[in-house]
Amino acid sequence: MDDAALFFVRVWHGRSGFRASARRLDEEQAHLFAASEELARYFAQASADTVATPPVVLNPGETT
């Protein structure tokens, strides 16, 4: 199984509208967002950045 990327996310609505911050737990700096689409793009990019290499397929009886 691949390692998981964990994030701390805060989303709030106020008079100024949508606001969010997201930070990977293994990073120091948070990213701020003024629109939900920006937050969605951030997670899409983070997911693309962590795509693992395809698993090795073994024939029956074969070992690594």
Side-chain angles (χ1 to χ4, degrees):
M1 181 178 201
D2 296 329
D3 290 335
L6 300 176
F7 293 84
F8 179 77
V9 179
R10 181 176 177 197
V11 177
W12 63 98
H13 292 273
R15 283 181 253 158
S16 59
F18 178 90
R19 293 284 185 253
S21 65
R23 178 180 63 85
R24 280 182 60 123
L25 294 184
D26 59 349
E27 294 179 351
E28 294 291 322
Q29 187 171 357
H31 300 272
L32 303 176
F33 307 95
S36 58
E37 295 82 9
E38 295 173 5
L39 181 60
R41 278 193 300 272
Y42 172 75
F43 283 120
Q45 183 62 48
S47 176
D49 290 345
T50 60
V51 172
T53 57
V56 175
V57 178
L58 300 174
N59 293 321
E62 211 176 12
T63 61
T64 57

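Source: prediction; values computed, not measured.
With sequence neighbours left out, the side chain to side chain contact (heavy atoms under 4.5 Å, CB included) criterion links Glu28 to no other residue. Scanning for side chain to side chain contact (heavy atoms under 4.5 Å, CB included) contacts around Ala34 gives Arg19, Glu38, with sequence neighbours left out. Under the rule for a ring pair (Phe, Tyr, Trp, His ring centres under 6.0 Å), Phe8 has no partner lying at least two apart in sequence or in another chain.
Here Arg23 contributes atom CZ and Leu32 contributes atom CG; the two are 12.0 Å apart, rounded to the nearest 0.5 Å. The OG atom of Ser21 sits 11.5 Å away from atom CD of Gln29, with the distance rounded to the nearest 0.5 Å.
Other members of the hydrophobic cluster containing Phe43, listed by chain and number, are Phe7, Val9, Val11, Phe18, Phe33, Leu39, Tyr42; membership follows side-chain contacts under 4.5 Å among ILVMFWY residues, whether direct or relayed.
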